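Reminder, nothing fancy here: chain letters follow the sequence lines and each chain counts from 1. Because the structure is a prediction, the values reported are computed rather than measured.
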2 protein chains.
Amino acid sequence: MHSGPVASRSADPKDSRESKNGGGPQLDAVSLAIIEQLQEDGRRPYAAIGKAVGLSEAAVRQRVQKLLDQGVMQIVAVTDPLTVGFRRQAMVGVNVEGDVESVADALTAMDECEYVVMTAGSFDLMVEIVCEDDDHLLEVINRRIRAVPGVRSTESFVYLKLKKQTYMWGTR
Amino acid sequence: MHSGPVASRSADPKDSRESKNGGGPQLDAVSLAIIEQLQEDGRRPYAAIGKAVGLSEAAVRQRVQKLLDQGVMQIVAVTDPLTVGFRRQAMVGVNVEGDVESVADALTAMDECEYVVMTAGSFDLMVEIVCEDDDHLLEVINRRIRAVPGVRSTESFVYLKLKKQTYMWGTR
DNA sequence: GCCCTGTCGTGCGGATTTCGCAGGAGTGGG
DNA sequence: CCCACTCCTGCGAAATCCGCACGACAGGGC
């Protein structure tokens with residue numbers, strides 16, 4: 001009475017690239033199910049998760065720990081920044097001349113950049129900025145981001161109201 | 001030997017608007033500190049949090065529960081969608097004629113829209129889309145979003161690579 | 001074939017944490 | 001002054017977390 005099709009484990013021991021981004025280590029169905037459980041409630045007990053996915057409590061615990069260590073997933077509290085005292089946010093589209101990735105790395109290093117993604121389209125990069133007030137936002141966009149070598153131009157979209165924010169990937 | 005400046009509690013009993021968005025219920029310093037703890041590790045024990053913020057275990061537990069109930073914060077697992085099998089993502093800028101908020105509500109109702117925000121700038125709305133493949137993405141953008149009444153035009157930015165994704169608001 | 005190695009799951013205590021409840025302190029209104 | 005309300009504390013019972021040892025299974029080298 002174990003589980004059914006458990007642990008096909010396509011993982012290749014030699015091929016353990018934990019690059020945190022890019023292709024990814026290819027999760028099996030059980031790990032996916034565990035992640036779904038934790039997306040519904042990040043504090044759900046391991047035993048309850050085990051019951052839901054057909055694994056023992058200890059096995060779930062080890063898998064979760066590994067997913068955490070590998071950086072595949074993180075369990076965190078998320079909030080509406082406006083509620084927590086960050087009054088100005090913006091999405092910034094960036095156009096780059098030269099190496100896009102090096103610019104992306106420079107932006108990634110900034111604390112105020114909460115989200116950095118390389119895109120196809122009329123922007124090369126999209127960056128989400130979280131600031132305390134207008135002065136702070138102005139400084140980040142006009143002084144810091146535009147000062148990065150390779151940045152040709154930027155366009156800003158100041159947030160007026162956050163309507164939706166979910167983390168239910170895979171739960172559909 | 002309690003704590004020092006605890007519980008100034010600016011909360012006004014009459015003024016308990018828990019609108020989930022917008023102004024917000026004005027968190028005090030202690031709740032902020034609790035959130036910071038849980039942003040570092042969503043599974044941190046209440047007792048450890050209590051020690052860090054100068055409160056008893058039970059008090060922390062009650063505060064966390066309230067923050068959860070009010071929708072100020074949620075504790076969840078977050079992942080890189082690419083790792084979890086969602087191979088196509090895009091940010092979509094939307095221009096609206098008429099009531100922006102009703103369009104935003106319509107987009108919010110779509111499962112594939114993971115993030116919806118009203119903005120100032122050359123777009124009225126920015127929407128993040130998470131899809132399984134190109135067909136799926138195409139359908140969501142060209143059929144569903146553009147079919148919403150009031151949508152004048154859209155511009156898409158397909159994700160090539162996610163460079164940064166953090167949840168450390170308030171931890172700075 | 002055989003052994004060695006590494007990965008993964010299970011079972012089992014003991015320490016820790018969570019949870020529910022009752023009580024006390026502080027505040028504001030009638 | 002009393003009442004209603006909110007928030008914090010303390011405590012005991014139940015549930016959970018955590019480390020550890022063992023067995024099962026697959027792959028590589030000899």
Item to complete: Using only side-chain N and O atoms of A/K66, determine if any of them is under 4.0 Å from OP1 or OP2 of C/dT7.
Response: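 So the side-chain polar atoms of A/K66 never come under 4.0 Å of the phosphate oxygens OP1 or OP2 of C/dT7.
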Worksheet, complete the sentence: Grouping ILVMFWY residues whenever side-chain heavy atoms fall under 4.5 Å, the cluster of B/L138 otherwise contains none
Measure across [X] and [Y] and return the closest heavy-atom pair with its distance rounded to 0.1 Å.
X: B/L27; Y: B/L32; answer: CD1-CD1, 4.2 Å
X: A/E114; Y: A/V130; answer: CB-CG2, 3.9 Å
X: A/A52; Y: A/Q37; answer: CB-NE2, 3.6 Å
X: A/M110; Y: B/K164; answer: O-NZ, 2.9 Å

Integer-rounded Å distance: [N] [atom2] and [X] [atom1]:
X: A/Q70; N: C/dC8; atom1: CD; atom2: P; value: 9 Å
X: A/Q65; N: D/dC17; atom1: CD; atom2: P; value: 13 Å
X: A/L55; N: D/dA24; atom1: CG; atom2: P; value: 18 Å
X: B/D69; N: D/dT6; atom1: CG; atom2: P; value: 14 Å

Worksheet entry | Derivation and outcome, salt bridge (Lys or Arg N to Asp or Glu O under 4.0 Å), residues B/R144 and B/D111 | CA-CA 11 Å; B/R144 311 251 298 276; B/D111 282 343; over 6 Å; no
Item to complete: For nucleotides 16-21 of chain C, just jot down a letter per nucleotide in 5' to 3' order: B, S or -, based on protein non-hydrogen atoms under 4.0 Å.
Response: -SBBB-
Worksheet entry | B/F123 and A/F157 aromatic ring geometry - parallel, tilted or perpendicular at 30°/60° bounds |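 Plane angle under 30°, so parallel.
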Discussion item. Need the bend value for the helix from C/dG1-D/dC30 to C/dG30-D/dC1: angle between end axes, 5 pairs each end, nearest 10°.
Written reply: 30°
Worksheet entry | A/H136 and A/R88, any side-chain heavy atoms less than 4.5 Å apart | no
